[in-house]
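Some notes on the structure that comes next.
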Amino acid sequence: MKFSRLKLGIAAFLAVGTAAMGIAAQSETPDLLQSLERGMWQLRAVGGGTSTAGVSQYCVGDPRMLAQIKHGANAQCSHFVVRSTPTSVTISYSCKGSGQGLTTIRKESPRLIQIQSQGIHDGSPFSFSVEGRRSASC
């Protein structure tokens with residue numbers, strides 16, 4: 001009986017440790033985002049939908065912020081990589097007290113990306129598609 005409890009305890013410890021390692025790995029920046037150039041990016045609405053993004057300029061120092069455009073760089077958000085390939089990444093994120101989102105970024109080059117994002121910001125839904133082009137240093 002003691003041996004069974006010990007085995008169960010070790011299995012539980014290993015499961016928690018493995019889950020914790022998975023969470024830590026998910027907080028890292030995906031390779032696709034690391035390969036984007038830092039600097040000033042111009043984001044322009046694309047498609048026929050109702051985009052609230054318009055045309056905006058963003059100084060990108062941390063490329064993970066491209067996943068949470070609607071919530072802004074100052075929002076405290078946790079990110080979870082849902083899917084990652086060499087040309088696209090899908091990130092689910094949750095921001096304390098201001099909502100959550102799901103963003104897919106497709107890389108065409110280190111200076112050209114397509115972003116689709118949807119979620120909830122301050123209690124209201126949002127959905128937009130933008131094209132991002134690196135335009136200058138910042």
Side-chain angles (χ1 to χ4, degrees):
M1 188 71 169
K2 268 185 166 180
F3 187 67
S4 295
R5 284 188 190 177
L6 178 61
K7 285 169 83 177
L8 182 62
I10 290 172
F13 176 77
L14 290 174
V16 169
T18 302
M21 287 189 308
I23 290 169
Q26 292 297 330
S27 67
E28 295 175 7
T29 304
D31 290 341
L32 180 135
L33 294 180
Q34 287 292 359
S35 69
L36 297 177
E37 291 187 24
R38 306 316 192 258
M40 189 64 67
W41 282 75
Q42 183 181 59
L43 304 179
R44 181 179 308 271
V46 295
T50 56
S51 176
T52 58
V55 176
S56 303
Q57 297 277 340
Y58 286 93
C59 181
V60 175
D62 181 356
R64 287 181 301 160
M65 296 304 109
L66 291 169
Q68 64 183 61
I69 294 168
K70 186 69 174 179
H71 288 86
N74 293 330
Q76 294 182 351
C77 304
S78 60
H79 298 112
F80 179 80
V81 177
V82 176
R83 183 171 185 249
S84 183
T85 71
T87 58
S88 72
V89 64
T90 299
I91 297 173
S92 174
Y93 66 94
S94 179
C95 305
K96 292 182 180 182
S98 63
Q100 70 239 1
L102 180 70
T103 301
T104 298
I105 300 173
R106 184 171 46 92
K107 177 182 162 185
E108 295 183 22
S109 77
R111 300 174 68 112
L112 178 63
I113 57 175
Q114 303 294 324
I115 302 172
Q116 293 180 319
S117 188
Q118 61 184 359
I120 303 292
H121 180 256
D122 290 337
S124 298
F126 69 88
S127 178
F128 63 86
S129 294
V130 295
E131 177 180 83
R133 289 183 183 271
R134 187 184 180 283
S135 56
S137 297
C138 56

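Linking Ile, Leu, Val, Met, Phe, Trp and Tyr residues whenever their side-chain heavy atoms come within less than 4.5 Å places I115 and F126 in a single cluster. A continuous path of hydrophobic side-chain contacts links L36 to V60 [ILVMFWY only; heavy atoms under 4.5 Å]. Under a hydrophobic-cluster definition in which Ile, Leu, Val, Met, Phe, Trp and Tyr are linked whenever side-chain heavy atoms come within less than 4.5 Å, directly or via other members, I113 and M65 are assigned to different clusters.
The closest side-chain heavy-atom distance from L43 to Y58 is below 4.5 Å. You'll find the side chain of M40 stays beyond 4.5 Å of the side chain of S137, heavy atoms only. Side-chain atoms of P63 and R38, non-hydrogen and from C-beta on, do get closer than 4.5 Å to each other. Counting heavy atoms from C-beta on, the side chains of S92 and H79 never come closer than 4.5 Å.
In this structure, the side chain of S88 does not engage the main chain of T85 through any donor-acceptor pair within 3.5 Å.
In terms of the side-chain hydrogen bond (donor to acceptor under 3.5 Å, both in side chains) criterion, R83 has no residue partners (sequence neighbours excluded). Every residue two or more places apart in sequence or in another chain that forms a side-chain contact (heavy atoms from CB on, under 4.5 Å) with S84 is listed here: P30, V81, V89.
Heavy-atom minimum distance, I105 versus L33: CD1-CD2, 3.7 Å. Contact record, Q68 with A75: NE2-O, 3.6 Å, taken as the closest heavy-atom pair.
In this structure, OG in S124 is found 8.5 Å from NZ in K70, a value given to the nearest 0.5 Å.
Residue pairs meeting the salt bridge (charged side-chain N to carboxylate O under 4.0 Å, His left out) criterion with at least one partner in residues 120-132, sequence neighbours excluded, are E131-R133. Residue pairs satisfying the salt bridge (charged side-chain N to carboxylate O under 4.0 Å, His left out) criterion with at least one member in residues 108-119, sequence neighbours excluded, are listed as follows: E37-R111, R106-E108. Residue pairs meeting the ring pair (Phe, Tyr, Trp, His ring centres under 6.0 Å) criterion with at least one partner in residues 85-105, sequence neighbours excluded, are H71-Y93.
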* Residue pair S135, Q57: steps toward the side chain to side chain contact (heavy atoms under 4.5 Å, CB included) verdict -> CA-CA 9 Å; S135 56; Q57 297 277 340; 3.7 Å; yes
Can I get a per-line list of side-chain donor-acceptor pairs under 3.5 Å for residues 94-104, giving both atom names and the distance, sequence neighbours left out?
from: T103; atom 1: OG1; to: A67; atom 2: O; distance (Å): 2.6
from: T103; atom 1: OG1; to: S117; atom 2: OG; distance (Å): 2.8
from: T104; atom 1: OG1; to: T90; atom 2: OG1; distance (Å): 3.0

